[in-house]
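See structure below.
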Amino acid sequence: MSVPNYAVITIDKTRCTTPFDCKGCLIACPQSVFRVTAVKVVKGRETDPREAGVYELSAPYRDKCTGCNLCIEACPADALTITFPYASA
């Protein structure tokens, strides 16, 4: 098994329940690594960003992560961890 040559960003979804309302990591990340997507959409009804579980945070651009940890510092829920497996290999 090969070791990834990019950051491994773990998002604890039990802690990060309202990412669209919070946006802490989205604002803090200078590389724009994160994305918030709607996972629960009801036709004809506006989605409430404060409702838990309606939006989900992901890190599709983790290959751009520099490891500055600004997202970790900005997260009020302590839901993010970043590791660089190739650095210790």
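Since this is a predicted model, take the numbers as computed values, not measurements. Count residues from 1 along the sequence.
- The backbone N or O of Asp78 lies less than 3.5 Å from a partner atom in the side chain of Arg15, making a donor-acceptor pair.
- In this structure the side chain of Leu26 reaches within 4.5 angstrom of the side chain of Val36, judged on heavy atoms.
- Under the rule for a side-chain hydrogen bond (donor to acceptor under 3.5 Å, both in side chains), Arg35 has no partner lying at least two apart in sequence or in another chain.
- Rounding to the nearest 0.5 angstrom, the gap separating the SG atom in Cys25 from the CZ atom in Phe34 is 5.0 Å.
- Smallest separation of non-hydrogen atoms from Asp21 and Pro49: CB-O, 3.3 Å.
- The minimum heavy-atom distance linking Glu56 with Val39 is given by the pair CB-CG1, 3.7 Å.
- Here the CZ atom belonging to Arg62 is positioned 10.0 Å from the OG1 atom belonging to Thr10, to the nearest 0.5 angstrom.
- Residue Phe20 is not grouped with residue Tyr61 when hydrophobic side chains (ILVMFWY) are merged at heavy-atom distances under 4.5 angstrom, including chains of intermediate members.
- Contact between Cys16 and Pro19 at its shortest, heavy atoms only, is SG-CB, 3.7 Å.
- Ser58 and Ile11 make their closest contact through CA-CD1, 3.8 Å (heavy atoms, listed as atom of the first residue, atom of the second, distance).
- Contact detail for Tyr55 and Asp48: the closest heavy-atom pair is CE1-O, 4.3 Å.
- With Lys13 contributing its side chain and Leu57 its backbone, the two residues share a donor-acceptor pair below 3.5 Å.
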Which atom pairs, donor and acceptor, lie under 3.5 Å between side-chain atoms of residues 64-77 and protein residues at least two apart or in another chain?
none

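- Here the straight-line distance linking atom CD1 of Ile9 with atom OG1 of Thr81 works out to 9.0 Å at 0.5 Å rounding.
- Residues Phe84 and Tyr6 approach most closely at CD2-C, 4.4 Å, considering heavy atoms.
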